[in-house]
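The structure appears right after this line, and notes come after that.
Keep in mind it's a predicted model, so treat the numbers as computed, not measured. FYI, the numbering just counts along the sequence from 1.
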Amino acid sequence: ILQYSFIPMGITKNGSFLSTHNATANLFKALGHPARLAIIEHLLKVNSCICNDLVKELPLAQATISQHLRELKSVNLIQGEIGGNSICYCINPETMATLTECLELMNKKLKINNNCC
């Protein structure tokens, strides 16, 4: 008789890492989809917009764009204020600054340790 041992899926070792590493990884994960990058690019270009503006800009359904906006908002990359029947979204400058600092630090370390294989 075969015996199977089941390992639960989705168990991670996030607790083994610094909270800043986990938070930064979540930011990169949220940016890991081309639609979300396109949303960020559009928001940077127009400063703020509502979901319907994005529906006109991107080749995606409104429900899909709303899901991507929720993902970006969940990691505070974007913020939104209710204005009438719609939500106006814009880039969260504090979170973007954190992301920029992280990339600049990595780039600085890369230049310092330029002894690549």
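The shortest heavy-atom contact between Lys29 and Arg36 is O-NH1, 3.8 Å. Closest approach of Ala30 and Leu77 over heavy atoms only: CB-CD1, 4.3 Å. Contact detail for Leu54 and Cys49: the closest heavy-atom pair is CG-SG, 3.7 Å.
Looking only at side-chain heavy atoms (C-beta outward), Tyr89 and Asp53 stay at 4.5 Å or farther from each other. Annotation: side chain of Val75 is not in contact with side chain of Thr95 (no heavy-atom distance under 4.5 Å). Counting only heavy atoms from C-beta outward, the side chains of His68 and Pro34 never approach each other to under 4.5 Å. At least one side-chain heavy atom of Glu57 sits less than 4.5 Å from a side-chain heavy atom of Lys45. The side-chain heavy atoms of Cys51 and Ile87, taken from C-beta on, include no pair separated by under 4.5 Å. Two residues are said to be in side-chain contact when any heavy atoms from C-beta on lie closer than 4.5 Å; Met106 and Lys109 fail this criterion. Contact annotation: the side chain of Ile65 approaches that of Leu58 to within less than 4.5 Å [non-hydrogen atoms, C-beta and beyond]. Side-chain contact between Ile40 and Ile78: present, with at least one pair of heavy atoms (C-beta onward) separated by less than 4.5 Å.
Under the 4.5 Å side-chain contact rule for hydrophobic residues, Ile91 and Val46 do not share a cluster. Under a hydrophobic-cluster definition in which Ile, Leu, Val, Met, Phe, Trp and Tyr are linked whenever side-chain heavy atoms come within less than 4.5 Å, directly or via other members, Phe28 and Leu43 are assigned to the same cluster.
Donor-acceptor pairing under 3.5 Å is recorded for the side chains of Gln62 and Ser66.
Rounded to the nearest 0.5 Å, atoms CD (Glu104) and CG (Leu99) are 10.0 Å apart. Note that the CG atom of Leu27 and the CE atom of Met96 stand 9.0 Å from one another [nearest 0.5 Å]. Annotation: the span from Thr24 atom OG1 to Leu105 atom CG amounts to 10.0 Å, rounded to 0.5 Å. Rounded to the nearest 0.5 angstrom, Asn26 CG and Glu71 CD are separated by 10.0 Å.
A salt bridge does not link Glu101 to Lys108: none of the charged nitrogens lies less than 4.0 Å from a carboxylate oxygen.
A donor-acceptor pair under 3.5 Å is absent between the side-chain atoms of Thr64 and the main chain of Leu60, judged by distance alone. Judged by distance alone, with hydrogens and angles left aside, the side-chain atoms of Ser48 form no donor-acceptor pair with the main-chain N or O of Cys88 at under 3.5 Å. Of the possible donor and acceptor atoms, one in the side chain of Asn92 sits under 3.5 Å from a partner among the backbone N and O of Asn76.
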